[in-house]
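Along the sequence shown, residues carry numbers from 1. Just so it is clear, the model here is predicted, and its values are computed rather than measured.
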Amino acid sequence: MDLFDSNAAERANLPRNMIENSMFEEEPDVVDLAKDSSAFPAFPTLDPDEVAYEPRSSRLLVRGLGENDMDDDEEDCESSARLLGMSFMNRSSSHRSNSSPYIRQSPPRTCSRPSARTMVVCVLVLVIVASLAMVLYFLPGCTFTRDGCPKANKTAPLEPVYPNSTNGELFPWAELRLPRSIRPLSYELTLTPNLDNMTFTGIAVIEMSVSHNTKRIVLHAANLNITKATFKLGDGGAQDVTVLEYKPRQQIAVKFSEELKTGQHCVLTFDYSANLSHTYDGFYNSSYTDKDGNKRVLAATQFEPLSARKAFPCFDEPSFKATFLIRINRKPTYMTLSNMPQAKTTPLRNGLVQDEFEKTNVNMSTYLVAFVVANFTSVSSTASGTKVSVYAVPEKKEQTDFALAAASKLLQFYNEFFEIKYPLKKLDLVAIPDFLAGAMENWGLVTFRETTLLLDNSSSSLEKQVVASVIAHELAHQWFGNLVTMSWWNDLWLNEGFATYMEYMSLQEIMPDLDTGNLFLSMRFRAMDKDALNSSHPVSAEVNTPEQVEEMFDSVSYEKGASILLMLNASLPKEQEFKKGIIQYLKTFSGLNTETNDLWNSLTQVSTQSQNISKMMSTWASQKGFPLVTMSRKGDKVILSQEPFLLTSDSTTKGSRLWNIPITYVNDSCSLASECRQMFTLKSKTENLKVPESVQWLKLNYKNTGFYIVDYGNDGWNALTDALSNNSTILTPEDRASLIHNIFALSRLGRVPFEQVLSLLNAMSNETGTAPVKEALLQLNRINRLLDKRQESGLVARMKTYILNHFGSLMKTQSWEEEQSLSKQELRSSLVFTACILNEESCIDKAKSLFKQYKDSNFTMKIPGDLQQAVFTVAAQSEDDWKTLLTLYTTTSNDAEKRKILKGLASTQDPRRIVWILKASLNGAIIQTQELPLIINTVCNGFIGHLFAWDFIQINWDRLIEKFPVGSFAIQTIIKSTTSQFSTQAHFDQVQAFFSNLKQRGSQMRSVQEALETIRLNKRWMESNLQALGKWL
Ligand SMILES: [Zn+2]
């Protein structure tokens, strides 16, 4: 899946779906079962799936005593309990290790000097808790059951607490993950959607095999009204069965009195009905207004990660792959699409028509199943023997050509690159009018937002870059994700990191004019910014709950994943080694599921170098954060040392993390060509490196292909600053950008005074490279916005003067005509936009006059695509032109332009309009709700807007999480946008109070921890730099 944002460089993206609130109901505390039956083979009376549950931690026992939430004193007690040796109770608590993002991170606190009252209460509670725990723990054969404990049981230590089904009967399963005793082999689905009343009925026939003897079948279903279910074992007859449902986990089950035996085959058939979803996931309804102003409806699917269960009963986990045969009954006026080509169409008696699709010739995870019922038209061509088609609403048919050509080219490229042919007969790319994610890689039926697939003739190359990147990402998934799939969502990065990396790699090869290098570079910088927070997580991280699954769709899985692959590729001695390794991986695991180590092992097998790739890469994939490399020099000796780069300077959280860092470096004698690059692997805390004494300076992390930040120390920074002030082209643009990024990060860390940052920028005053200029502007604008939000108007004015002095001449030299070079477009859009939002007079004048010409031409004149954002943003500040833009928004059919208009509208400083646009996008009638994260993000750039937006999300939180699932990328973006510019204690307290009151409605989200950490950091930075800024700026 591609998370998407119009501002591609910032990659603040958008996701897809919605998990019903019911999933977040409080789970029984006493459930934490191991996931894999094979780990527990020795309990004869239990199903192999069944594992004795154990108390997760002492906290759960406290809860078990009837307390849902502990106050501070109680938490003190809890930690005292841990200190006093109650850790024996944590036998299964590895699920909630300290690295888990779901441990509530309360402010650092110790038990060293508790009050007398606290001590007394602590000791009392402790004694009670400890005694209870000991009793429960040591009672022989005591099992936890609903009926109460104890129940004599000599053979199994403990048995799960089964929850009640909706009908009151005991539900036979107590875990989030499904049992492994039954595997689905094939699904036959017949669906009849009714687009008049937005409901559908379905028949699902699921053939399964029994892997272990069991008396139950457990699978997923959500919001499905199952009207009939039958079961057939082997060649026997079908019998009616009762389906039990446990809604909080979206599971259904059938119990049997006789055991199903290993190796047997059986079939479950469900008849059911449901509503088409009104959110962006499951089988959902979407609509658009056609060119005659009529509302047209359609139905489409978005199943990743957990929503296939909303369309049909299924084993909705990625490792349960099966084949699918799909039939859709439709009105003759609609057409349908699914993963496979249509096999036949049959008229039915009720006036409907049945489309039957071929049975999949591959085993597929449920999240990749897809179907669409709509009125689309298409264009097609053939690439390497596969029929490639692009579908869109009829009036946008002419906007499909670029996508068709790009998809055909990319399919050919991947076929050759991976040495495995795309296994399906056809590949459809479909633009869905109302779609939350950027795109979704459903096998054979890739769905997109209109903005990420459609382009008209006048589209700029920057817009082409967006479309080509998203297609490249989704097509890479047809191998990475679809053919070889992660076993569980903890390794989502195997899908997303790879697809993100391949998106840049493939386009560099086959569409070099789209120049994706700068985009990829700034994406790596942003990934580091996020990963520098203590609230970050390892690339491959423990995932259990639905919210945790949603939260994996973040820049760590995508961008950090891609960055460490780039680093690995760049560090391998032979060019083709990486490629050979991934081919080996794809071939070995074709059709199967994998874990992160499978990838490292494949790469190690083909590697010619002595070092073990597995060993090196596991330091990057299993640890959160990344290293700060500090360099110092004594003559010919360079001393390199590493420590975690952690913005929260709490020494207890740093630990002893070490990375296996492939350090690259260049020096003053040879610094540009890739042959200049030298390599050194830093494995321990400190190591030495020899360089000739004559070397004047060293630049580490050549072209920033490594995922680390470098502090050169005073001398090192001065040497680099001097060298750059003489001649800035002694380093590649990537290296110059990397110095700028690193020094701002070090200033944020408190390692480098802001004065040093400015002296580096001053040394680069003639800088014209796209990457370094964009990075400098981004960093300075970020500080400027923080100052603005603190109403430091004096400093804001000085920062404005500084930026305009520094970049003014470069801004003035930008033309406002069509520009061909994509890199120049990127540079220009960044410079012009900054100048205009800083109210630079000539920029405002030019933007206004361009908009006037545009209006006068009745919107037929073309404003260069890379300038549109600046022009619309300036226009939106005037009352009349804001209205003009709103009309234009509702009438234009160019989706890329439409999004820029929307950002312009949201940049208004008029409070009434800010409130209107926030409400309108939540309401969805005029502005699609899919755009709400973008709108909130834009509104927050302004001073008034950021206060309104914060109020808005507090007031409308419940409606927001109805539309976007808790933990999802949309919610992550909304939280980040509304809170990341706060820098005062008062705001910290407000944010903390609001989110902690949410309880199950989102208080445990990692993005909340990130928000609080960011506000603390902003506050710290402001406190230590405000005065100095006055002096330096
Ligand atoms: Zn993806």
Kindly state each residue pair satisfying disulfide bond (SG atoms under 2.5 Å apart) with at least one member in residues 659-714, sequence neighbours excluded. Cys670-Cys676

Give, for atom CG of Leu568 and atom OG1 of Thr705, the distance between the pair rounded to the nearest 0.5 Å. 11.0 Å

Report yes or no: does Thr516 contribute a side-chain atom to a donor-acceptor pair with the main-chain N or O of Leu519 at less than 3.5 Å? no

Tell me whether Lys579 at atom NZ has more than 12 heavy atoms from other residues, nucleotides or ligands lying less than 6.0 Å away. yes

Under 4.5 Å between any side-chain heavy atoms of Ser614 and Asn597, yes or no? yes

Given Leu599 and Trp493, is the side chain to side chain contact (heavy atoms under 4.5 Å, CB included) satisfied, shown in steps? CA-CA 11 Å; Leu599 173 67; Trp493 88 276; 4.0 Å; yes

For Leu700, is there any backbone N or O sitting under 3.5 Å from a side-chain donor or acceptor partner on Tyr712? yes

Are Lys703 and Thr664 linked by a side-chain donor-acceptor pair shorter than 3.5 Å? no

For Met511 and Gln465: C-alpha separation, side-chain torsions, deciding distance, then whether side chain to side chain contact (heavy atoms under 4.5 Å, CB included) applies. CA-CA 9 Å; Met511 297 186 198; Gln465 189 193 54; over 6 Å; no

Compute the ring centroids of Phe754 and Trp1021, then answer whether they are less than 6.0 Å apart. yes

Please determine which of Thr721, Leu724, Ile730, Asp715 meets the side-chain contact (heavy atoms from CB on, under 4.5 Å) test together with Trp697. Ile730

Does any non-hydrogen side-chain atom of Arg524 lie less than 4.5 Å from one of Leu566? yes

Should we say atom CG of Asp513 is surrounded by more than 12 heavy atoms from elsewhere, each under 6.0 Å from it? yes

In terms of relative ring orientation, are Phe520 and Tyr504 parallel, tilted or perpendicular, with 30° and 60° separating the classes? parallel

Output yes when a side-chain donor or acceptor of Asn742 lies under 3.5 Å from a complementary backbone atom of Val710, and no otherwise. yes

Grab the two heavy atoms, one from Ser671 and one from Thr732, that are nearest each other, plus how far apart they are. O-CG2, 4.4 Å

Side-chain donor-acceptor pair under 3.5 Å between Ser557 and Glu496, yes or no? no

When you check the gap from the basic side-chain N to the acidic O, do Arg828 and Glu819 get nearer than 4.0 Å? no

Assess whether side chain to side chain contact (heavy atoms under 4.5 Å, CB included) is satisfied between Phe480 and Leu494, documenting all intermediate values. CA-CA 7 Å; Phe480 281 99; Leu494 283 175; over 6 Å; no

Give the C-alpha distance, both sets of side-chain angles, the deciding distance and a yes or no for salt bridge (Lys or Arg N to Asp or Glu O under 4.0 Å) between Asp788 and Arg785. CA-CA 5 Å; Asp788 181 41; Arg785 281 204 296 269; over 6 Å; no

With a 4.5 Å limit on heavy-atom distance, are the side chains of Thr594 and Asp491 in contact? no

Would you check if the distance from the ring center of Tyr501 to the ring center of Phe578 is below 6.0 Å? yes

One should read off an interatomic distance between Lys774 NZ and Asn781 CG, to the nearest 0.5 angstrom, of 12.0 Å

Against Phe626, only a single residue in Trp620, Trp659, Phe525, Phe645 fulfils ring-ring contact (aromatic ring centres under 6.0 Å, His included); can you say which? Phe645

Can you measure from CD1 (Ile582) to CG (Leu565) and round to the nearest 0.5 angstrom? 8.5 Å

Take atom CD of Glu792 as the centre, draw a 6.0 Å sphere, and report whether it contains more than 12 heavy atoms from other residues, nucleotides or ligands. yes

If the condition is side chain to side chain contact (heavy atoms under 4.5 Å, CB included), which residues does Gln696 pass it with, not counting sequence neighbours? Asp668

Decide yes or no on salt bridge (Lys or Arg N to Asp or Glu O under 4.0 Å) for Glu767 and Arg736, but give the supporting numbers first. CA-CA 9 Å; Glu767 179 63 67; Arg736 275 139 47 206; 2.5 Å; yes

For Arg748 and Asp529: C-alpha separation, side-chain torsions, deciding distance, then whether salt bridge (Lys or Arg N to Asp or Glu O under 4.0 Å) applies. CA-CA 10 Å; Arg748 198 157 156 75; Asp529 295 348; over 6 Å; no

Can you measure from CG (Leu746) to NE2 (His741) and round to the nearest 0.5 angstrom? 9.5 Å

Report the distance from atom NZ of Lys1019 to atom OG of Ser1024, rounding to the nearest 0.5 Å. 10.5 Å

Between Lys699 (side chain only) and Asn667 (backbone N and O only), is there a donor and an acceptor less than 3.5 Å apart? no

Answer yes if the side chains of Asp711 and Thr630 hold a donor-acceptor pair under 3.5 Å, and no otherwise. no

Taking the side chain as everything from C-beta on, heavy atoms only, tell me whether Phe744 gets closer than 4.5 Å to Val757. yes

Got a donor-acceptor contact below 3.5 angstrom from the Asp531 side chain to the Gly625 backbone? yes

List for me each residue that meets side-chain hydrogen bond (donor to acceptor under 3.5 Å, both in side chains) alongside Lys789, sequence neighbours excluded, and say none if there are none. Gln981

If we count only N and O atoms by modelled type, under 3.5 Å, do the side chains of Trp717 and Ser759 hold a donor and an acceptor together? no

Out of the candidates Glu1013, Glu1010, Lys624, only one should pair with Asn534 under the side chain to side chain donor-acceptor pair (under 3.5 Å) rule; please name it. Lys624

Do Asn784 and Arg798 get their side chains close enough for a donor-acceptor pair, meaning under 3.5 Å? no

Just to verify, what does Asp598 make a side-chain hydrogen bond (donor to acceptor under 3.5 Å, both in side chains) with, not counting sequence neighbours? none

Kindly say whether Ala532 contributes a backbone atom to a donor-acceptor pair with the side chain of Ser536 at under 3.5 angstrom? no

If you define the side chain from C-beta out and look only at heavy atoms, does anything of Tyr665 sit under 4.5 Å from Val638? no

Drop me the distance from Ser607's OG to Trp600's CH2, to the nearest 0.5 angstrom. 13.0 Å

State which residues pass side chain to side chain contact (heavy atoms under 4.5 Å, CB included) with Ser823; sequence neighbours excluded, sorted by chain then number. Asp515, Asn518, Thr770, Ser821

Within the side chain of Gln584, is there an N or O that forms a donor-acceptor pair under 3.5 Å with the backbone of Leu603? no

Could you give the side-chain donor-acceptor pairs of residues 806-813 under 3.5 Å, partners two or more places apart or in another chain?
| from | atom 1 | to | atom 2 | distance (Å) |
| --- | --- | --- | --- | --- |
| His806 | NE2 | Leu761 | O | 3.1 |
| Thr813 | OG1 | Leu810 | O | 2.8 |

Does a sphere of radius 6.0 Å around NZ in Lys580 hold more than 12 heavy atoms from other residues, nucleotides or ligands, not counting ones at 6.0 Å or beyond? no

Do Gln779 and Glu775 come within less than 4.5 Å of each other through their side chains, counting heavy atoms only? yes

Evaluate the side-chain proximity of Gln756 to Asn718: yes if any heavy-atom separation is below 4.5 Å, no if none is. yes

Under 3.5 Å donor-acceptor, Asn1018 side chain and Phe982 backbone: yes

Would you confirm whether Ser622, through its side chain, and Thr619, through its main-chain N or O, come within 3.5 Å as a donor-acceptor pair? no

If you define the side chain from C-beta out and look only at heavy atoms, does anything of Leu1026 sit under 4.5 Å from Leu787? yes

